[in-house]
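Below, read A as the first sequence line, B as the second, and so on, with proteins coming before strands; counting in each chain starts at 1. Not measured: the values here are computed from a predicted model.
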Number of protein chains: 2
Amino acid sequence: MGEKLTAVTMKTLANKLGVSVTTVSNAYSKPDRLSSELRDQILATAKDLGYCGPSAAGRALRSGKTDVCGFLFRGGISSAFSDPYSIMLLAGLSEAVEVYGASVLLLRAPAADEEDNQVVRRAAIDALVVGPTYGQESEIEALRQRGVRIVRTEPSPEDDWVTINDAKAGRLVGKHLAQLGHHRIAVIAPADTDEDVDVFDYSPDRLDSRITPQPWETERVRGLWEKLPGAHLQVALARDCTRQAGREAAAAVLDVQDRPTAIVALSDVLALGVWDAASERGLTPGRDISIVGFDDIPDAAFLGMTSVHQPITDKGRLIGRLAMDPDYPQRQITLPVELIVRSSTGPAPKN
Amino acid sequence: MGEKLTAVTMKTLANKLGVSVTTVSNAYSKPDRLSSELRDQILATAKDLGYCGPSAAGRALRSGKTDVCGFLFRGGISSAFSDPYSIMLLAGLSEAVEVYGASVLLLRAPAADEEDNQVVRRAAIDALVVGPTYGQESEIEALRQRGVRIVRTEPSPEDDWVTINDAKAGRLVGKHLAQLGHHRIAVIAPADTDEDVDVFDYSPDRLDSRITPQPWETERVRGLWEKLPGAHLQVALARDCTRQAGREAAAAVLDVQDRPTAIVALSDVLALGVWDAASERGLTPGRDISIVGFDDIPDAAFLGMTSVHQPITDKGRLIGRLAMDPDYPQRQITLPVELIVRSSTGPAPKN
DNA sequence: ATCGTTAACTTCATCGATCAACTGGAGGTT
DNA sequence: AACCTCCAGTTGATCGATGAAGTTAACGAT
């Protein structure tokens, strides 16, 4: 009987007060278009009736604004949350987006073999942040046509982006290791595969053929290679981008006769795993073996990891700003990188 | 001239194919209501015209479903991302929510002193996950009236929840420390304040008056107290729930004449800070001083922290299920806790 | 006295999709 | 032959709000 048969809408308020629906709408979104007395009266009545402001759906449909910024994860959500890099990026992004009164919607990108996922197409968003390249460009294209602004973390001709110079990051590491006299070097790269750890001698083509080529990965290795002419460069593929996977991959290159004198992990999470693997074998990082990471996440810095710093949180903030503000002047941005030398690297052992 | 004046909608498709809009709609959401030939034809045409599926706004308005689950953060987003607990919870939540084809929307709860934030009211969500209690119940109430399902991480008469028995968690720790012979104990509690570290002798009332009473905090201390009759229990308030804050708070209780023999941090992140503070003073956890945390996060487990384990990711998953499935039978769930004894606790030193 | 302007509202059309109810025909029943 | 059912669609109303374009009345300027 006394059930709530109809929801409270602007119409309810309008009828009760004898004003038009538009006026009620204005009370919320354009306060200067009506007398403040009436506005107060409307808001008071709203509170009385339990009306909690304009419905997002109606508003979104009519005005086309949702005040939501999508964040597209590659692979599973779990992978995103297991890497401090993603988390810090997300933190910066949220912070910036919040300033515009918007929120962040986490979207899972379908894996390459999944059928097109409706989750992304169905998202009600004003802008979409796309992480490291991910096959399904057609979905993104469709969203773009619908007026969704796209912001990427890698250069792209059509969209806005905020990135770092990954090749330079690689070169910084290469130069550092060259100066320390390292010649036998292993690279740990994430591969997103279930297979066993795979180790092979580096060449650009071979790397591309083994992993879904992610620009940030190939660029980093390329830069590294550039500054290490004549070095013996191996690549070990890690199952995914986690500490444990880094540990396993490192094990594969450490447990051989002529182990490398330096190990470069393409991200700090992997580098932490390398550290674990080294410690377990009684090797002291920086003395018996050099370890370098990328991204300079706090956990690694804390241990004394030599790493290429990038302003991750600032990157997130900038991305958020680009996403929410179509008038922000600079729309394709490269942030600086810097090698932070700590205790995990040292001269190559002389044996 | 050739600008895109009108977006491609279902109407566009319907006109082009000479069918009704409803049929186009059905092609997407009710495939069994039309012949598969026609459906294929519609989808093909959609691809041709660059139509990317039903607009979320229209769909949300008419059907009332958004396929979005809100997650309300207390305090700033930054605090949420700085605690592995939140992140693991979020990971589990996302994973579960995804199964229902939905996504997670991150919402920042306004601080107590901010004016009501529209972000929350404007959110287009089917369900809302509310973390540790947060003042603005009226906003939540309004959403509830609009049909948004509320799921909490703490017991609540009106809503669904998934929680742990915090008092029991406290008792487990208390019992453990009692058995080890500890009598001088300090508790590190997060306070969300900018003031200096504050240390005082424990009593339920005093604790409540110092911090915004969060049930999980007060319950944990209460349980602890229960199993430590006659012990000298101090409380030190940490600025917030970060490692650094834990370190500072621990410093305040360590740098005194009769320092406690055991320190209980109300969360593992804080406990890590305590560990740092102890190490800096040359104290070995488990021998010179015992340290206990809660939540059993990987970083702490890795170091050997004694902690009360709770299935955080599963908690997130369950919360997601409750949020997305109104028919899930059990709607108020208490998950088990378990004390994991590691190297950070040991017998109280005899001096 | 007339015109222009502004404040404070109202009217009307519309955003894009979905639901409830209905239709025409093919096929099966009794 | 009359009746029922199911399939494959159609029609029309509607979700809740907002932008564009009026409409008043009051006021000041000329």
Side-chain angles (χ1 to χ4, degrees), chain A residues 4-15 17-42 46 49-67 118 121-124 126 142 145-148, chain B residues 4-15 17-42 46 49-67 118 121-126 142-143 145-148:
Chain A
K4 178 191 57 178
L5 293 173
T6 36
V8 183
T9 76
M10 285 195 176
K11 200 169 175 180
T12 323
L13 293 193
N15 288 344
L17 288 167
V19 299
S20 76
V21 182
T22 302
T23 298
V24 178
S25 171
N26 286 336
Y28 284 94
S29 44
K30 290 167 192 160
D32 52 327
R33 292 225 182 149
L34 38 60
S35 63
S36 55
E37 305 153 26
L38 181 52
R39 186 176 125 95
D40 292 346
Q41 208 180 343
I42 290 175
L49 300 183
Y51 179 70
C52 73
S55 120
R59 187 182 123 88
L61 177 57
R62 183 64 242 247
S63 72
K65 296 222 82 184
T66 59
D67 287 334
Q118 309 214 310
R121 342 187 70 130
R122 286 210 166 152
D126 291 340
Q145 284 217 342
R146 213 170 246 185
V148 173
Chain B
K4 179 190 55 178
L5 293 173
T6 35
V8 184
T9 76
M10 285 195 176
K11 200 169 175 182
T12 323
L13 292 191
N15 288 343
L17 289 167
V19 298
S20 76
V21 183
T22 302
T23 300
V24 178
S25 171
N26 286 337
Y28 284 94
S29 44
K30 291 167 191 160
D32 52 326
R33 292 225 183 150
L34 37 60
S35 64
S36 56
E37 304 155 25
L38 181 53
R39 186 176 124 96
D40 292 346
Q41 208 180 344
I42 290 175
L49 300 183
Y51 178 71
C52 74
S55 121
R59 187 182 123 88
L61 177 57
R62 184 64 244 250
S63 73
K65 295 221 82 184
T66 59
D67 287 335
Q118 309 214 310
R121 341 186 71 130
R122 286 207 166 156
I125 48 180
D126 291 340
L143 284 176
Q145 283 218 343
R146 213 171 246 184
V148 173

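- In this structure B/Thr23 satisfies the side chain to side chain donor-acceptor pair (under 3.5 Å) test together with B/Ser20, sequence neighbours excluded.
- Taking the side chain to side chain contact (heavy atoms under 4.5 Å, CB included) definition, one finds that A/Ala60 meets it with A/Thr66, B/Ala57, sequence neighbours left out.
- A side-chain donor-acceptor contact under 3.5 Å links B/Ser63 to the backbone of B/Arg59.
- In the helix from C/dA1-D/dT30 to C/dT30-D/dA1, the rotation axis of the first five pairs and that of the last five pairs differ in direction by 40°, rounded to 10 degrees.
- The salt bridge (Lys or Arg N to Asp or Glu O under 4.0 Å) check on A/Asp126 picks up nothing, with sequence neighbours excluded.
- Between B/Met10 and B/Pro54, the closest heavy-atom pair is CE-CG, 3.7 Å.
- The span of DNA chain C lying next to chain A, judged by atoms under 4.0 Å from heavy atoms, is bounded 5' to 3' by C/dA8 to C/dG16.
- Pairs engaging residues 26-39 of chain B under the side-chain hydrogen bond (donor to acceptor under 3.5 Å, both in side chains) rule: none recorded [sequence neighbours left out].
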Under the side-chain contact (heavy atoms from CB on, under 4.5 Å) rule, what do B/Tyr51 and B/Thr12 come out as? Steps first, then yes or no, please.
CA-CA 9 Å; B/Tyr51 178 71; B/Thr12 323; over 6 Å; no

Kindly indicate, with the supporting measurements, whether the criterion side-chain contact (heavy atoms from CB on, under 4.5 Å) is fulfilled by B/Leu13 and B/Val21.
CA-CA 8 Å; B/Leu13 292 191; B/Val21 183; over 6 Å; no

B/Leu143 and B/Arg121: CA distance, side-chain angles, deciding distance, side-chain contact (heavy atoms from CB on, under 4.5 Å) verdict:
CA-CA 7 Å; B/Leu143 284 176; B/Arg121 341 186 71 130; 5.5 Å; no

Given A/Cys52 and B/Arg146, is the side-chain contact (heavy atoms from CB on, under 4.5 Å) satisfied, shown in steps?
CA-CA 8 Å; A/Cys52 73; B/Arg146 213 171 246 184; 3.4 Å; yes

Contact state string [nucleotides 9-18 of chain D, B base, S sugar-phosphate only, - no protein heavy atom under 4.0 Å]
SBBBBBBBBB

